[in-house]
Amino acid sequence: MPRLSWDEYFMTIAYQVATRATRNRKHVGAIIVRDKAILSTGYNGSIRGLGHCDEEGHLMKNGHCVRTVHAGANAIAQAACSGVRIGGSSIYVTASLCWICFRLIANSGTERIVFGVFYRDPQNYDVSQACGITLVDFSHFKPAMTSNETSP
């Protein structure tokens, strides 16, 4: 098996993080990396201490589940809880960021966003250029899975 590139390595880990997601509509994982070291991880699920969608159902408003905190936002929150500075980092996320998470990532000083599946917000492309954030479409990549895992 050939050695993975750094982007492939970190995206593979993001897909593993996504397996912890509790939002049954879409499992998303995110990891924040700087200098080839993982600073934080996050997956989509409920507010800490509250019931998850797969336990209590979705809390839908305007076609969106508002019970769910997105993977990117959770990765930022986890870094903040641990006192970890994420400026100058990259985020690897299995689905492109929604507009709200994109704005959080942009304001955190993150310099690079590597994403898997494109999801919803094409405005991220234009705004990322204006902010000096590099977007990397990694939708071509699917991590190798072992025989007892399912494909993302």
Side-chain angles (χ1 to χ4, degrees), residues 4-56 58-143 152:
L4 298 176
S5 70
W6 285 109
D7 283 341
E8 291 167 337
Y9 172 72
F10 290 124
M11 189 59 87
T12 298
I13 295 169
Y15 276 105
Q16 284 299 308
V17 170
T19 67
R20 292 281 308 148
T22 61
R23 181 182 180 209
N24 56 16
R25 291 178 57 202
K26 187 168 192 65
H27 287 208
V28 179
I31 66 170
I32 299 174
V33 174
R34 186 177 54 241
D35 299 328
K36 298 180 180 133
I38 297 171
L39 304 175
S40 182
T41 66
Y43 51 87
N44 52 343
S46 290
I47 295 170
R48 188 180 299 222
L50 298 182
H52 294 287
C53 296
D54 60 359
E55 299 164 342
E56 297 188 13
H58 295 288
L59 181 57
M60 300 300 289
K61 293 202 178 172
N62 298 321
H64 299 285
C65 180
V66 296
R67 184 185 311 279
T68 301
V69 179
H70 290 181
N74 270 329
I76 293 169
Q78 185 61 43
C81 286
S82 301
V84 175
R85 182 184 65 82
I86 60 174
S89 66
S90 295
I91 186 168
Y92 292 80
V93 61
T94 60
S96 60
L97 298 167
C98 74
W99 179 237
I100 294 169
C101 290
F102 176 84
R103 292 182 302 174
L104 292 171
I105 289 295
N107 278 354
S108 75
T110 297
E111 297 176 348
R112 189 168 176 261
I113 300 169
V114 182
F115 65 91
V117 178
F118 176 76
Y119 184 67
R120 280 194 211 203
D121 281 310
Q123 66 189 333
N124 295 356
Y125 286 101
D126 295 331
V127 177
S128 66
Q129 272 191 323
C131 294
I133 298 171
T134 302
L135 285 184
V136 179
D137 181 342
F138 221 63
S139 58
H140 67 279
F141 178 74
K142 298 296 177 226

Note to self: Apply side chain to side chain contact (heavy atoms under 4.5 Å, CB included) to residues His70 and Val28 and explain how you reach the verdict.
What the structure shows: CA-CA 8 Å; His70 290 181; Val28 179; over 6 Å; no
Residue pair [X] / [Y]: nearest heavy atoms and the distance that separates them:
X	Y	answer
Gly72	Ile91	CA-CD1, 4.2 Å
Asn74	Tyr43	ND2-O, 2.8 Å
Ala95	Lys26	CB-CE, 3.9 Å
Ser139	Gly116	CB-O, 3.4 Å

Inter-residue atom distance [X].[atom1] - [Y].[atom2], 0.5 Å rounding:
X	Y	atom1	atom2	value
Arg112	Ser128	CZ	OG	12.5 Å
Phe102	Tyr125	CZ	OH	11.0 Å
Trp99	Gln123	CH2	CD	4.5 Å
Glu8	Thr12	CD	OG1	7.0 Å
Tyr15	Lys142	OH	NZ	4.0 Å
Ile133	Ser108	CD1	OG	7.5 Å

Margin query: When you compare the side chain of Arg48 with that of Gln78, does any pair of heavy atoms fall below 4.5 Å?
Written below: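 In short, these two side chains touch, coming nearer than 4.5 Å.
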Next item on the list: Kindly indicate whether the side chain of Phe138, heavy atoms from C-beta on, has any atom under 4.5 Å from the side chain of Asp7.
Entry: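 Heavy-atom side-chain distance check passes, below 4.5 Å.
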Report yes or no: does [X] contribute a side-chain atom to a donor-acceptor pair with the main-chain N or O of [Y] at less than 3.5 Å?
X	Y	result
Ser46	Gly51	yes
Thr94	Gly29	yes
Ser40	Ile76	no
Arg34	Arg85	yes
Asn124	Leu97	yes

Notebook entry, point to check: Do other residues, nucleotides or ligands put more than 12 heavy atoms under 6.0 Å from the CZ atom of Phe141?
Noted result: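 More than 12 heavy atoms, drawn from other residues, nucleotides or ligands, come within 6.0 Å of this atom.
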Checklist line | Exceeds 12 heavy-atom contacts within 6.0 angstrom, atom CD1 of Ile100 | finding: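 No.
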Note to self: Does Leu4 form a side chain to side chain contact (heavy atoms under 4.5 Å, CB included) with Phe10? I'd like the steps, not just the answer.
What the structure shows: CA-CA 9 Å; Leu4 298 176; Phe10 290 124; over 6 Å; no
Next item on the list: Using side-chain contact (heavy atoms from CB on, under 4.5 Å) as the criterion, point out the one residue from Thr41, Leu39, Val93 that pairs with Ile32.
Entry: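 When side-chain contact (heavy atoms from CB on, under 4.5 Å) is applied between Ile32 and each of Thr41, Leu39, Val93, only Leu39 qualifies.
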Notebook entry, point to check: Which of these passes side-chain contact (heavy atoms from CB on, under 4.5 Å) with His52: Thr22, Ile47, Asn44, Thr68?
Noted result: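 Exactly one pass, corresponding to Thr22.
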Next item on the list: With side chain to side chain contact (heavy atoms under 4.5 Å, CB included) as the test, would you mind laying out the steps for Ile13 and Tyr92 before giving the verdict?
Entry: CA-CA 9 Å; Ile13 295 169; Tyr92 292 80; over 6 Å; no
Next item on the list: Give the C-alpha distance, both sets of side-chain angles, the deciding distance and a yes or no for side chain to side chain contact (heavy atoms under 4.5 Å, CB included) between Asp137 and Phe115.
Entry: CA-CA 6 Å; Asp137 181 342; Phe115 65 91; 3.7 Å; yes
